[in-house]
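Take a look at the structure set out below.
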Amino acid sequence: MKNQIEKIVQDIYLQGWSVVDDFIHEDLRSQLLEEQQDILQHGQFRLAGVGRGDSFQVRPEIRSDKVFWMEPDRLTPLQEKYWILVEDLRVRLNRSCFLGLKSFESHFAMYPIGSFYQRHLDQFKEVSYRIVSVILYLNETWTADDGGALRLFLPSEEGEEKIFDILPQGGRLVVFMSGEIPHEVLTTYRERISITGWLKDR
């Protein structure tokens with residue numbers, strides 16, 4: 001775990017994004033997935049939207065996932081185990097990259113079959129406090145035929161964007177600078193589960 005976090009910190013410092021596999025133990029991944037399924041079956045997920053506050057809208061032509069927000073003061077024991085790991089990452093990013101990260105927010109995200117999220121940035125006017133995006137995938141297995149890849153649009157030395165696709169393999173953690181890396185979720189052909197969150201400067 002220590003080596004993985006050090007790799008993430010170095011990647012963020014050098015290129016603004018990072019991918020590591022097996023970020024959490026398999027038993028924790030399986031238990032978090034089971035917890036997510038239980039919350040879903042109890043009807044607690046809600047359609048995700050775009051914008052914040054008065055500008056919030058459900059726009060299925062832009063994104064069609066469902067979310068369940070975690071409450072920092074009411075975390076389950078499983079959620080707390082994951083937040084402790086992210087807290088370690090927050091401290092080390094601040095130490096090495098001087099990002100001024102102060103807190104974390106996250107939700108379970110579920111993409112039903114046929115859903116997607118068009119190209120966007122995680123940081124915009126209403127959420128300028130989001131500095132680093134942190135995504136943990138929970139599905140047990142995943143193949144390219146299942147779709148649902150996270151597509152990053154990365155700058156290149158030639159000045160043109162470079163496309164980099166990341167399959168949502170269980171246990172895989174993706175971290176990137178929220179205001180610098182445009183991305184999208186390609187259409188998924190299986191139910192796609194993650195914990196998506198943001199390290200914030202307030």
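The two residues Gln123 and Ile131 come nearest to each other via the heavy atoms NE2-CD1, 3.8 Å. Pairing each heavy atom of Trp83 with each of Glu105, the nearest pair is CH2-CA, 4.4 Å. For Pro168 against Gly147, the heavy-atom pair with the smallest separation is CD-O, 4.3 Å. The heavy-atom pair separating Asp88 from Arg92 by the smallest distance is OD1-NE, 2.9 Å. His183 approaches Leu152 most closely through the heavy-atom pair CB-CD2, 3.8 Å. Nearest heavy atom pair, residue Thr196 against residue Ala109, reads OG1-CB, 4.0 Å.
In this structure, Leu154 is a member of the same hydrophobic cluster as Val185, with clusters built from ILVMFWY side-chain heavy atoms closer than 4.5 Å. Phe164 and Ile135 fall within a single hydrophobic cluster, where Ile, Leu, Val, Met, Phe, Trp and Tyr are joined by side-chain heavy atoms under 4.5 Å apart, directly or via other members. Using a 4.5 Å cut-off between side-chain heavy atoms of Ile, Leu, Val, Met, Phe, Trp and Tyr, with links allowed through other members, Ile166 and Leu186 fall into different hydrophobic clusters. A chain of hydrophobic side-chain contacts below 4.5 Å, direct or via other Ile, Leu, Val, Met, Phe, Trp or Tyr residues, connects Leu89 to Leu85. The hydrophobic clustering, which links ILVMFWY residues whose side-chain heavy atoms are closer than 4.5 Å, places Ile24 and Leu75 together.
Looking at Ser96 and Tyr13, their side chains never come closer than 4.5 Å, going by heavy atoms from C-beta outward. The shortest side-chain heavy-atom distance between Ile163 and Asp165 falls under the 4.5 Å cut-off. Counting heavy atoms from C-beta on, the side chains of Ile195 and Phe108 come closer than 4.5 Å. Counting heavy atoms from C-beta outward, Ile39 and Phe45 have side chains that approach closer than 4.5 Å. With contacts defined as side-chain heavy-atom distances shorter than 4.5 Å, the pair Glu180/Trp17 does not qualify. Residues Met177 and Val132 are in side-chain contact: their nearest non-hydrogen atoms beyond the backbone lie under 4.5 Å apart.
Between His107 and Trp69, the two ring planes are perpendicular [angle over 60°; tilted spans 30° to 60°].
Annotation: Arg74, atom CZ; neighbour count of heavy atoms from other residues, nucleotides and ligands within 6.0 Å does not exceed 12. The 12-atom threshold is exceeded at CD of Gln15, counting heavy atoms of other residues, nucleotides or ligands nearer than 6.0 Å. In this structure, Gln10 places its CD atom where only 12 or fewer heavy-atom neighbours from other residues, nucleotides or ligands lie under 6.0 Å away.
Separation of the Trp142 and Tyr137 ring centroids does not fall under the 6.0 Å cut-off.
In terms of modelled atom types and a separation under 3.5 Å, the side chain of Asn139 and the main chain of Gln169 share no donor-acceptor contact. Ser178 places a side-chain N or O within 3.5 Å of a backbone atom of Ser133 that can act as its donor or acceptor partner. In terms of modelled atom types and a separation under 3.5 Å, the side chain of Arg192 and the main chain of Gly148 share a donor-acceptor contact.
A salt bridge links Asp21 with Arg172: the closest approach of a Lys/Arg side-chain nitrogen to an acidic carboxylate oxygen falls below 4.0 angstrom. Taking a cutoff of 4.0 Å between a charged side-chain nitrogen and a carboxylate oxygen, Glu161 and Arg119 qualify as a salt bridge.
Val20 pairs by the side chain to side chain contact (heavy atoms under 4.5 Å, CB included) definition with Lys7, Ile8, Ser18, Phe23, Leu173, not counting sequence neighbours. Remark: Glu191 engages Gln37, Leu40, Met110, Ile193 in a side chain to side chain contact (heavy atoms under 4.5 Å, CB included) (not counting sequence neighbours).
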What do the steps show when you test Ser115 against Thr188 for side-chain hydrogen bond (donor to acceptor under 3.5 Å, both in side chains), and what is the final call? CA-CA 6 Å; Ser115 60; Thr188 185; 6.0 Å; no
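For the side chain to side chain contact (heavy atoms under 4.5 Å, CB included) with Val175, the qualifying choice from Ile181, Ile12, Val86 is Ile12, the only one to do so.
Geometric assessment of Arg90 against the ring of Phe104 yields a negative cation-pi assignment under the 6.0 Å and 45° thresholds.
There is a side-chain donor-acceptor pair under 3.5 Å between Thr143 and Asp146.
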